[in-house]
Amino acid sequence: MAQQGRVRKAVFPVAGLGTRFLPATKAIPKEMLTVVDKPVIQYVVDEARAAGIEHFIFVTGRNKAVIEDHFDIQVELYDTLRSRGKIDELNNLEALQPKPGQTSFTRQQEPLGLGHAVWCARELVGDEPFALLLPDMVMQDDRGCLAGMVDLYGKVGGNVISVEEVPEEETHRYGIVGVGEDIGDDGFQISAMVEKPAPGTAPSNYFINGRYILQPEIFSILETQETGAGNEIQITDAMLKLAERQPFSAYHFRGNTFDCGSKEGFIKANVSFALTREDIRAKVEDDLRRMLDAI
């Protein structure tokens, strides 16, 4: 069992080019596209904050400075809202604002894969466990995916990966885990990890949905990790090596997951989050029904 420490830091790899959303992402980072009225990255950071994360580490690239600006104080905007009596809007912005010193930004510089992006955060993470949240994946759940993972981590330690079920005929599209010993209602021990298995060969139908709690020993593995699929440094390859000496557990997430890196996932997220908003639902629900009926 790896030494267990509290999960205080989270890494957000936001250096991707967002080619699936061109031309919208030609000048705007894909993480700043809005689901209803909040950027995608804000949902993911909010999830981390709700799980007790205190330090938010962003691995960025060129043309991503607007993400840093988004999490900074905009004095002119705040003063304007205050002078116009827009106190609710001001309070909402301030509630989302990380405290001074809670955010850090580092450049990946080269698009060498998720594993390389994680490795770029090594000095900021240091020698302690950390959360890794893929910003394309937006979760919708009352409890919060990472909060549930942190609870499970407090019980079992080691490394924790969030998983959910997918139809067997779609397992070849995802990273799939093998099901080991049951550890209660929240999940199970992981017996295998396979990246995009060939059809009919997957060890289960549980796919990795973009949330991880990892021990810092992953960095020494990534230091010398050879490129894998897509000629990139894959985090799955590093986790397989780490699993040879540390346990991995799966947290079974039962909420909704939207891949906002895809057009269909982004649209679904907007509809789903709009329908859960009391201030918006009544204004869009009937129109959505009419649109579906017309189709």
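Here, residue 1 is the first one in the sequence, and each next residue gets the next number.
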Completion exercise
Note: Gly16 and Lys64 closest approach over all heavy atoms is O-NZ, 2.7 Å
Problem - Heavy-atom pair with the smallest gap, counting every atom of Val59 and Ala121 - result: CG2-CB, 4.0 Å
Problem - Residues Arg82, Asp79; criterion salt bridge (charged side-chain N to carboxylate O under 4.0 Å, His left out); working and verdict - result: CA-CA 5 Å; Arg82 190 175 292 108; Asp79 286 347; 3.2 Å; yes
Problem - Side chain to side chain, Val40 and Met32, heavy atoms closer than 4.5 Å - result: no
Practice task
For Thr276, check side-chain hydrogen bond (donor to acceptor under 3.5 Å, both in side chains) against everything at least two apart and list the hits.
Solution key: none
Handout entry: Members besides Leu292 in its Ile/Leu/Val/Met/Phe/Trp/Tyr cluster (side-chain heavy atoms under 4.5 Å)
Key = none
Exercise for the section: Please test Leu222 against Ile233 for side-chain contact (heavy atoms from CB on, under 4.5 Å), starting from the C-alpha separation and ending with a verdict. Expected result: CA-CA 8 Å; Leu222 290 168; Ile233 298 174; 4.1 Å; yes
Handout entry: Met137 and Cys260, any side-chain heavy atoms less than 4.5 Å apart
Key = no
Exercise for the section: Identify whether Met193 and Val166 are in the same connected component of the hydrophobic contact network (ILVMFWY, side-chain heavy atoms under 4.5 Å). Expected result: no
Problem - 4.5 Å side-chain heavy-atom contact, Ser191 and Val179 - result: no
Handout entry: Single hit among Lys9, Arg6, Lys99 for salt bridge (charged side-chain N to carboxylate O under 4.0 Å, His left out) with Glu54
Key = Arg6
Handout entry: Carboxylate-amine/guanidinium proximity below 4.0 Å for Arg122 and Asp127
Key = no
Exercise for the section: Answer with yes or no whether the hydrophobic clustering places Tyr212 together with Leu242; edges join I, L, V, M, F, W, Y residues whose side-chain heavy atoms lie under 4.5 Å apart. Expected result: yes
Completion exercise
Phe258 and Gly265 have their tightest heavy-atom pair at CB-O, 3.8 Å
Handout entry: Interatomic spacing from NZ in Lys196 to CD in Gln234 - rounded to 0.5 Å
Key = 8.0 Å
Handout entry: Gln215 (side chain) donor-acceptor with Gly158 (main chain) under 3.5 angstrom
Key = yes
Exercise for the section: Check whether the side chains of Asn209 and Ser162 place a donor and an acceptor atom closer than 3.5 Å, and report yes or no. Expected result: yes
Exercise for the section: Check step by step if side-chain contact (heavy atoms from CB on, under 4.5 Å) holds for Lys241 and Ile218. Expected result: CA-CA 9 Å; Lys241 291 184 179 179; Ile218 195 81; over 6 Å; no
Exercise for the section: Please report the closest heavy-atom contact between Tyr153 and Gly5, naming both atoms and the distance. Expected result: OH-O, 2.9 Å
Exercise for the section: Go through the side-chain N and O atoms of His116 and Gln108 and say whether any donor and acceptor fall under 3.5 Å apart. Expected result: yes
Practice task
Using a strict cut-off of less than 4.0 Å between a Lys/Arg side-chain nitrogen and an Asp/Glu carboxylate oxygen, indicate whether Asp279 and Arg277 qualify as a salt bridge.
Solution key: yes
Practice task
Check whether any side-chain heavy atom of Ile176 lies under 4.5 Å from a side-chain heavy atom of Val163, and answer yes or no.
Solution key: no
Practice task
Check whether the side chains of Ser272 and Gln140 place a donor and an acceptor atom closer than 3.5 Å, and report yes or no.
Solution key: yes
Practice task
Not counting sequence neighbours, list each pair that qualifies as a ring-ring contact (aromatic ring centres under 6.0 Å, His included) and has a residue in residues 260-289.
Solution key: Phe21-Phe266, Tyr43-Phe273
Problem - Phe58 and Phe71, any side-chain heavy atoms less than 4.5 Å apart - result: yes
Handout entry: Leu152 with Val150, same ILVMFWY side-chain cluster at under 4.5 Å
Key = yes
Problem - Criterion side-chain contact (heavy atoms from CB on, under 4.5 Å) on Asp136 and Leu134, from CA distance to verdict - result: CA-CA 6 Å; Asp136 285 350; Leu134 304 191; 5.5 Å; no
Practice task
Mind checking the NZ-CG spacing from Lys86 to Asn92? Nearest 0.5 Å is all I need.
Solution key: 13.0 Å
Completion exercise
Residue set satisfying side-chain contact (heavy atoms from CB on, under 4.5 Å) with Asn91, at least two apart, ordered chain then number -> Ile87, Glu94
Completion exercise
Rounded to the nearest 0.5 angstrom, the CD-CZ distance for Glu128 and Arg8 is 4.0 Å
Completion exercise
Correct closest heavy-atom pair for Glu47 and Met139 would be OE1-CG, 3.5 Å
Practice task
Over all heavy atoms of both residues, which pair between Val7 and Ala131 is shortest? Give the atoms and the distance, please.
Solution key: CG1-N, 3.8 Å
Exercise for the section: Could you check if a side-chain atom of Val36 sits within less than 4.5 angstrom of a side-chain atom of Ile280, using non-hydrogen atoms only? Expected result: yes
Handout entry: Flag for Glu195-Thr236: side-chain donor and acceptor within less than 3.5 Å
Key = yes
Fill in the blank from the handout: Applied to residues 155-199, the ring-ring contact (aromatic ring centres under 6.0 Å, His included) test, sequence neighbours excluded, yields Tyr174-Phe207, Phe188-Tyr206
Problem - Residue pair Ser204 / Glu165, side-chain heavy-atom distance below 4.5 Å - result: no
Exercise for the section: Verify whether one side chain among Gln246 and Asn159 offers a donor that lies under 3.5 Å from an acceptor in the other. Expected result: yes
Exercise for the section: May I ask whether Ile41 and Phe105 are part of the same hydrophobic cluster, defined by side-chain heavy atoms of I, L, V, M, F, W, Y residues being less than 4.5 angstrom apart, directly or through others? Expected result: yes
Problem - Any Val160 side-chain heavy atom under 4.5 Å of Lys155 side chain - result: no
Exercise for the section: Let me know which of Arg20, Arg173, Lys30 forms a salt bridge (charged side-chain N to carboxylate O under 4.0 Å, His left out) with Asp259. Expected result: Arg20
Problem - Members sharing Val75's hydrophobic cluster (side chains within less than 4.5 Å) - result: Ile73, Leu77, Tyr78, Leu81, Leu90, Leu93
Problem - Joint hydrophobic cluster, Leu96 plus Val44, side-chain heavy atoms closer than 4.5 Å - result: no
Handout entry: Ionic contact status for Asp293 with Arg290, cut-off 4.0 Å
Key = no
